[in-house]
Engineer: 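First, the structure itself, so that you have it in front of you.
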Amino acid sequence: MDTRQQALFIIFGGTGDLAKRKLYPSLFELYEKGFLKENFAVIGTARRPWTDEYFQEVVRKSVTTDGTSKEDADEFAQHFYYQSHNVNDTEHYVTLQKLAQRLDEKYSIGGNRLFYLAMSPRFFGTIAEHLKSQNIVTDNGYNRLIIEKPFGHDLPSARELNDSIGRYFAEDSVFRIDHYLGKEMIQNIAAVRFGNNLFRALWNNRYIDNIQITLSEALGVEERAGYYETAGALRDMVQNHILQIVSLLTMNMPASFTETDIRREKIYALKALQVYTPEEVEENFVRAQYAQSRGLKGYRQEEQIADNSRTETFVAGKLFVNSENFSGVPIYIRTGKRLAKKTTRIDIVFKDVPKNIFGSEKLGKNILTIIVEPEGEIYLQMNVKKVGQNFGLQVQKLDLLQSESDSTPIPEAYEKLILDALRGDATNFTHWEEVAYSWKFVDAIRTAWDKQEGALVEYTSGSMGPREADDLLAHDGHKWIFTSKN
């Protein structure tokens, strides 16, 4: 079967950091693997007055590594074209339409167009309108719109943004990208849950004691300070990445492994999130800011950050999904910057055995751990007998999957997601209803926080967050599985 794709990519924000770091290298990987060959072209647009030649040189540099074939990089870059573009100027879209038509004919693309909006969401509606009105959207092929986060800053703004796009593009043509959904270990959640009767039978509130999700970063806000000050950890990480992971962990088994059935169950899981009252937010959520310590700047000492900023760089919380299978199971989440270690991990903590028959021997917890990054790994913590004449128990980790360094190279998340979009498979993209229910949950927290003047605490850089995050679990008789000592 021929797996080669035919498409014209039009990337708005083609000179940006995302395009250079992620999009062009991912397209090159697809080119190297044969998914893209002769019948594709890329138009990069932005305000900068670049030429085709300069743009192609930028692309070559972005895809070149120690093992890259110069010939392949040169051939790949020849498919790239540049147009200086003002997204508010109709005449620029007229010029863009002519270039798109010329490239469509030159590369025999067949009218397939994929529009990638790698720029501020405030331009999404304007771009969508002009793509339609200036006939850049074709009649003889597919037209798909990929959009980056943030998708609004609350539910009303997200709905307004969605409506502005929906006037010109149908929902099944809109691909809202969340790069976490392209990560190998995130996609492994479904394989572990539904491909093994052992876990499928135990994956419910009868056997699961609690779930812990950690997305920690060792760096501070760095060059993203301007954006971060308007977003904070809650909007930047919880509303999208963390709640998407929650939906995959708690959704019911879909009728089939198809986009429609998976999406239906994810929406149901997010709809079942318990939306908190202000009093419940205070009880179940912690927000904090990294302080100046260990020779490192505090958040308020960073450039572009106000001296009295109340933006949170850390969030920890306890949430519930009130579905039949997960009602009553606390899901502990935390994310933050300037923490002890960069990692993304999920710990599924199972309930203790009803009776310990081993007398004074202490039983360890059964824990299924999925480490998403920095290296993908899955292991199960079990109780086994110690080697020796006497009977004793010890905790042993059973590796269920080799680390990335020992296995087949894992495709980068953007590479996977771009190929999915080319194929028209939106399984690993977010549907509008998923976005809406996520914002509904997050808005309740944000509104409560805005009324709680004294709720922001500080934490030491290089730690795993403030003491209050540990207290959140200790109150329930639990503790974080992952600590700064792991």
Engineer: Do you know which of K341, R345, R334 makes side chain to side chain donor-acceptor pair (under 3.5 Å) with T214?
Structural biologist: R334
Engineer: Could you check whether T427 and D425, counting side-chain N and O atoms only, form a donor-acceptor pair closer than 3.5 Å?
Structural biologist: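 Side-chain D/A pair, D425 to T427: present.
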Engineer: When you compare the side chains of R176 and N162, does any donor N or O come within less than 3.5 Å of an acceptor on the partner?
Structural biologist: yes
Engineer: With a distance cut-off below 6.0 Å to the six-membered ring centre and an angular limit of 45° from the axis, does K440 pair with Y437 as a cation-pi contact?
Structural biologist: no
Engineer: For the residue pair T447 / D450, report whether a side-chain donor-acceptor contact shorter than 3.5 Å exists.
Structural biologist: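 No, no side-chain donor-acceptor pair sits under 3.5 Å.
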Engineer: Judged by modelled atom types alone, do Y299 and E229 share a side-chain donor-acceptor pair under 3.5 Å?
Structural biologist: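 There is such a pair between these side chains.
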Engineer: Does the pair R338/E302 count as a salt bridge with the N-to-O cut at 4.0 Å?
Structural biologist: yes
Engineer: For the NZ atom on K33, are there more than 12 heavy atoms of other groups (residues, nucleotides or ligands in this structure) within a distance under 6.0 Å?
Structural biologist: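 Enclosed.
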Engineer: Establish, from distance only, whether the side-chain atoms of Y332 and D347 form a donor-acceptor pair under 3.5 Å.
Structural biologist: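 The criterion, which ignores hydrogens and geometry beyond distance, is not satisfied for D347 and Y332.
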Engineer: So, Y414 and E29: side-chain donor and acceptor under 3.5 Å apart, yes or no?
Structural biologist: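 Looking only at side-chain atoms, E29 and Y414 do not form any donor-acceptor pair under 3.5 Å.
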Engineer: Check this for me: does any side-chain nitrogen of one of E184 and K416 sit under 4.0 Å from a carboxylate oxygen of the other?
Structural biologist: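 Counted as a salt bridge, because a side-chain N and a carboxylate O are separated by less than 4.0 Å.
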Engineer: Run the salt-bridge test on K149 and D236 with the 4.0 Å N-O cut-off and return the result as yes or no.
Structural biologist: yes
Engineer: Could you tell me which residues satisfy ring-ring contact (aromatic ring centres under 6.0 Å, His included) with F358, sequence neighbours excluded, listed by chain and number?
Structural biologist: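 F358: ring-ring contact (aromatic ring centres under 6.0 Å, His included) contacts with F391.
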Engineer: Say whether, by atom type as modelled, one donor and one acceptor occur between the side chain of D420 and the main chain of A426 under 3.5 angstrom.
Structural biologist: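 No; zero donor-acceptor contacts below 3.5 Å.
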Engineer: Give the minimum heavy-atom separation between I267 and E434, together with the two atoms involved.
Structural biologist: CG1-CG, 3.7 Å
Engineer: Might you point out which heavy atoms bring Y276 and A444 nearest each other, and give the distance in Å?
Structural biologist: O-CB, 3.6 Å
Engineer: What I want to find out is whether E312 reaches R446 closely enough, with some N-O distance under 4.0 Å, to be called a salt bridge.
Structural biologist: yes
Engineer: So which atom in K20 and which in S62 form the shortest heavy-atom distance, rounded to 0.1 Å?
Structural biologist: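 Smallest heavy-atom distance, with atoms named: O-CB, 3.3 Å.
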Engineer: Could you walk me through whether S438 and Q239 pass the side-chain hydrogen bond (donor to acceptor under 3.5 Å, both in side chains) test, one step at a time?
Structural biologist: CA-CA 6 Å; S438 297; Q239 185 272 331; 4.5 Å; no
Engineer: Can any side-chain N or O of N356 pair as donor or acceptor with the backbone N or O of E361 at less than 3.5 Å?
Structural biologist: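 It does hold such a pair.
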Engineer: How close do V63 and Y24 get, counting heavy atoms only, and between which atoms?
Structural biologist: CG1-O, 3.6 Å
Engineer: Do Y459 and T313 have a side chain donor and acceptor closer than 3.5 Å?
Structural biologist: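 The criterion, which ignores hydrogens and geometry beyond distance, is satisfied for T313 and Y459.
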Engineer: Given I127 and M119, is the side chain to side chain contact (heavy atoms under 4.5 Å, CB included) satisfied, shown in steps?
Structural biologist: CA-CA 11 Å; I127 294 172; M119 57 193 313; 3.6 Å; yes
